[in-house]
Amino acid sequence: MFLVALLLSVPAVAQEVTVQVATEEPPHYVGVSAIVQLTVDGLEADPEPQCVAESSSPDVRVRLAGISPRIVQRMFQSGSQIRRIQQVTHTIQFRVTANKPGEYEIGPFVITQGGTEERVDAIKMTFAEVPTTDDMRIQLQLPESAYPDQRVPLKIQWWFAGDTDNVNQLNIDGTMLDEFQFAPDPPPQRSGSRLPIQTDAGTLTLAATAAREMVDGKEFTVVTAQRTLIPNRPGTYEIPPMTATIELVTQWDNRRRSQLGGFGFGGSLLEEAFGGRRRPAKVELFRAAGEPLTFLVKPFPREGRPESFSGAVGNGFSLDVSADRTVVRVGDPIRLTLHLRGDGNIQGATLPPLSADGGLDPQHFRLPEGDVTGVIQDDQDGKQFLVSVRVLDEGISEIPAIAYSWFDAEQEQYRTTRSKPIALRVMPAQVVGADAVVSSQPGVSPGASSSSSANPTGEPSKGTGVRSFALSGADLAIQPDPQRLLSGSTSLLAKPSFQIVNYALGSVCLIVALLDRRRRQVDPVVRQASAVVRNQRGRIAAAGKLPEKDAAKQIADALRVVQLEFPNTDRSAIQTLLAECDAIAYRPDDKPDATISTDLVDRALAAVDAMKSKAGAA
């Protein structure tokens with residue numbers, strides 16, 4: 001235990017930063033990337049250092065291939081202390097590719113980590129020309145123009161007229177396309193053909209097809225791979241020629257077997273074979289270059305652009321809309337589910353304003369604000385959007401058709417689809433009466449007279465709840481005997497203490513009666529509204545213990561009941577809280593452990609109190 005604590009308490013011994021530079025063994029050739037490796041000692045393990053090559057010729061491309069650390073710890077004893085030395089070595093690799101033959105300066109290199117900076121002088125590398133051959137071609141096929149977010153088919157073809165079994169390595173430079181985005185590439189089949197493409201992120205192996213074609217009396221093996229390019233902004237792009245370099249075996253060493261060849265073609269065209277291949281005894285390099293291309297990405301035309309266009313490109317779009325309920329009251333939320341399908345950029349599709357092109361009228365519906373984020377369906381069958389709207393007008397009979405427009409790049413024109421309208425039944429906003437909140441007391445109805453003049457017959461009224469007393473047979477005579485009047489009584493009723501208690505109880509009853517009379521004189525509407533507010537405040541306060549969505553629904557229901565009791569007061573604060581509660585209640589994500597914000601509960605209680613006080617002042 002002491003040893004572990006001592007090791008943790010002793011800091012590592014600082015080391016001087018040293019850098020060693022090495023290059024892949026020459027010769028280096030045009031179009032074939034060469035490795036430059038920097039071995040750095042003396043830096044910390046974390047954070048990962050940064051390294052850049054500051055300047056190079058425009059005919060040379062230098063890209064960072066990777067940074068990997070190696071940590072070695074050593075311990076030694078000095079007297080009674082054990083010291084630890086941690087040696088960290090970072091291996092930094094760059095890939096250097098030249099487009100033209102010649103000698104180039106690569107670097108200088110700058111290595112930084114935190115406040116530490118180390119500069120490494122530039123190095124010189126010579127790249128030799130690779131001979132070309134009429135037996136190999138490389139082609140990049142791309143449309144001349146497209147529009148942003150359009151799915152653009154791209155084709156890469158490698159042609160070879162020799163025996164593909166003698167191709168030991170194939171290197172196709174595809175880095176000129178790295179500035180574009182691509183749709184996910186389908187994985188190559190296990191026994192199918194494939195084509196290796198070099199990118200800044202590494203080697204990309206594409207699924208391919210192979211065929212044979214006769215051109216100028218030569219039979220070529222044509223390997224074709226396809227990708228889907230997605231331009232993201234308008235502009236004119238000059239694409240340099242795509243190049244392909246092969247290492248062609250001219251003599252095999254049949255005495256030795258290679259356990260792991262290069263890219264390898266194996267028994268079938270362009271299939272990697274791990275083990276069992278012959279080792280080449282003599283190889284030659286050959287290179288082929290394609291044609292430069294100009295690719296134009298045109299902006300969407302302004303003329304005729306619909307209001308419901310939000311950047312969708314493709315064809316065959318459709319929009320289906322469904323509602324969670326079709327019988328509502330004014331002000332109730334309706335959750336709409338919009339399902340978008342089509343052949344195009346569904347993943348990046350956004351929802352246009354629901355009011356666009358004759359959709360939902362903002363004067364009759366309260367619409368969501370801001371962008372609505374959709375969710376790609378698990379079965380890739382389109383994209384789904386969830387929104388909440390409110391009906392503001394009792395005269396509305398349907399949710400109108402919602403428009404969605406896209407740009408047909410093939411026809412170069414906008415197209416619009418519309419959902420089907422949804423029939424609605426809208427009832428007036430629910431008003432809660434006094435009988436629904438405070439039960440009526442049996443007895444005299446308000447405004448009824450309790451005087452005997454109201455009943456000239458002298459008979460007790462039915463249903464008044466007033467109890468009658470019979471006085472027949474009572475002795476109401478006055479006692480005239482002085483002795484009897486002056487004599488003291490020995491009964492409990494004559495004791496002073498009992499009389500004091502009775503007077504006190506009588507006073508209390510009188511006070512209670514006055515308070516009750518004052519309460520009965522209060523306007524029944526005000527009394528009912530106060531009872532509603534007390535009840536709904538309790539529901540709002542209790543919502544803090546419920547799950548987030550249930551709490552939001554309960555707060556929203558309570559606020560709607562309260563605002564109906566005060567129709568002549570400002571409802572802006574209540575409406576804001578209702579929108580927040582509905583956004584939480586109908587949010588598509590599901591977080592069962594989430595709880596409602598205490599701030600939202602407090603603001604709802606404060607809004608109820610403010611509305612009540614304003615109504616009382618009025």
Filter on side chain to side chain donor-acceptor pair (under 3.5 Å), then keep only pairs touching residues 175-189, sequence neighbours left out; what's left?
R61-T175, D173-T175, D185-R227
Steps toward side-chain contact (heavy atoms from CB on, under 4.5 Å) verdict (V167, L248):
CA-CA 5 Å; V167 178; L248 187 64; 4.2 Å; yes
What pairs of residues pass the ring-ring contact (aromatic ring centres under 6.0 Å, His included) test when at least one of them lies in residues 185-216, not counting sequence neighbours?
none
Distance col, row F286:CZ vs T132:OG1, nearest 0.5 angstrom, shows 9.0 Å
Locate the shortest heavy-atom distance separating Y29 from V130; write the atom from each residue and the value.
CB-CG2, 3.3 Å
Is it the case that the side chain of K383 and the backbone of A349 share a donor-acceptor pair, with hydrogens and angles ignored and the cut-off at 3.5 Å?
yes
Strictly by modelled atom types, are T595 and E548 linked by a side-chain donor-acceptor pair under 3.5 Å?
no
Main-chain N/O of V313 paired with Q150 side-chain donor or acceptor, under 3.5 Å:
no
Run the side-chain contact (heavy atoms from CB on, under 4.5 Å) test on N99 and V60 for me, step by step, so that the C-alpha distance in whole Å, both residues' side-chain angles and the decisive distance to 0.1 Å come before the verdict.
CA-CA 6 Å; N99 296 327; V60 176; over 6 Å; no
Please tell me if the side chains of P292 and P240 come closer than 4.5 Å, counting only heavy atoms from C-beta onward.
no
Is a side-chain donor or acceptor of T243 paired with a backbone partner of A289 at a separation under 3.5 angstrom?
no
Going by the rule salt bridge (Lys or Arg N to Asp or Glu O under 4.0 Å), which residues pair with R539 if we only count those two or more places apart in sequence or in a different chain?
none
So, for N345 and G311, which heavy atoms are closest and what is the spacing to 0.1 Å?
ND2-O, 3.3 Å
Are any of the side-chain nitrogens in E394 or R329 under 4.0 Å away from the carboxylate oxygens of its partner?
no
4.5 Å side-chain heavy-atom contact, P148 and P231:
no
Residue pair F180 / I239, side-chain heavy-atom distance below 4.5 Å
yes
Using side-chain heavy atoms (C-beta onward) and a distance below 4.5 Å, is V387 in contact with R335?
no
For the ring pair W158 and F160, is the centre-to-centre distance below 6.0 Å?
yes
Side-chain touch P368/L354, heavy atoms, less than 4.5 angstrom:
yes
Any chance CZ of R325 has more than 12 other-residue heavy atoms, nucleotides or ligands included, within less than 6.0 Å?
yes
Would you give the length of the straight line joining atom CD of Q113 to atom CD of Q50, rounded to the nearest 0.5 angstrom?
9.5 Å
Side-chain ion pair, D320 and R341, N-O less than 4.0 Å
yes
With no hydrogens and no angle check, do the side chains of T224 and Q157 hold a donor and an acceptor under 3.5 Å apart?
yes
If you take the centroid of each ring, where Trp contributes its six-membered ring, are Y414 and F309 closer together than 6.0 Å?
yes
Can you see whether S405 engages S308 through a side-chain donor-acceptor pair at a distance of less than 3.5 angstrom?
yes
When rounded to the nearest 0.5 angstrom, what is the spacing between OH in Y404 and CG in L351?
7.5 Å
T133 (side chain) donor-acceptor with M136 (main chain) under 3.5 angstrom
no
Could you check whether T221 and R212, counting side-chain N and O atoms only, form a donor-acceptor pair closer than 3.5 Å?
yes
Check the surroundings of atom CD in Q413: do more than 12 heavy atoms from other residues, nucleotides or ligands lie under 6.0 Å from it?
yes
Roughly how far, to the nearest 0.5 Å, is CD1 of I396 from NE2 of H364?
4.5 Å
Looking just at side-chain N and O atoms, do E247 and N168 make a donor-acceptor pair shorter than 3.5 Å?
yes
Return the minimal non-hydrogen interatomic distance between I422 and A323, and the atom names on each side.
CD1-N, 4.0 Å
So NZ of K545 and CD of Q554: to nearest 0.5 Å the spacing works out to 11.5 Å
Which heavy-atom pair separates A288 from I138 by the least distance, and what is that distance?
O-CG2, 3.7 Å
Side chain proximity check, L38 to C51, heavy atoms < 4.5 angstrom:
yes
I156 vs V223, test: side-chain contact (heavy atoms from CB on, under 4.5 Å). Steps then yes/no.
CA-CA 8 Å; I156 302 173; V223 183; over 6 Å; no
So, using salt bridge (Lys or Arg N to Asp or Glu O under 4.0 Å) as the criterion, who are the partners of K218 when residues are at least two apart?
D135
For F407, does the six-membered ring have the charged nitrogen or CZ of R415 within the cation-pi criterion, i.e. under 6.0 angstrom from the centroid and within 45° of the normal?
no
Thinking salt bridges, do R603 and D599 make one under a 4.0 Å N-O criterion?
yes
Given E238 and T294, is the side chain to side chain donor-acceptor pair (under 3.5 Å) satisfied, shown in steps?
CA-CA 5 Å; E238 301 293 340; T294 299; 2.9 Å; yes
Side chain to side chain contact (heavy atoms under 4.5 Å, CB included) test vs T326 passes for just one of L424, I399, V426, namely L424
Sub-3.5 Å donor-acceptor pair from the side chain of D408 to the main-chain atoms of Q411, do we have one?
yes
Should the pair Y237 and F295 be assigned to parallel (<30°), tilted (30 to 60°) or perpendicular (>60°) ring geometry?
tilted
Pairwise side-chain contact, P301 with Y147, heavy-atom cut-off 4.5 Å (strictly under)
yes
Report yes if the side chains of Q347 and I376 come closer than 4.5 Å at any heavy-atom pair, otherwise no.
yes
Which atoms form the tightest heavy-atom contact between A604 and I555, and what is the distance?
CB-CG2, 3.9 Å
What's the separation between atom OG in S33 and atom CG in N171, rounded to the nearest 0.5 Å?
6.0 Å
Is K553 salt-bridged to D550, going by a charged N under 4.0 Å from an acidic O?
no
Stepwise side-chain contact (heavy atoms from CB on, under 4.5 Å) check, V152 with T228:
CA-CA 5 Å; V152 181; T228 301; over 6 Å; no
Nearest heavy atoms of F385 and L340, plus distance in Å
CE1-CB, 4.1 Å
More than 12 non-hydrogen atoms from neighbouring residues, nucleotides or ligands closer than 6.0 Å to CD on E219, yes or no?
yes
Applying the side chain to side chain contact (heavy atoms under 4.5 Å, CB included) test to F94, which of I35, L64, V52 qualifies?
L64
Mind checking salt bridge (Lys or Arg N to Asp or Glu O under 4.0 Å) for D134 and listing every partner two or more places apart, or none if nothing turns up?
none
R305: partners by salt bridge (Lys or Arg N to Asp or Glu O under 4.0 Å), with sequence neighbours left out
none
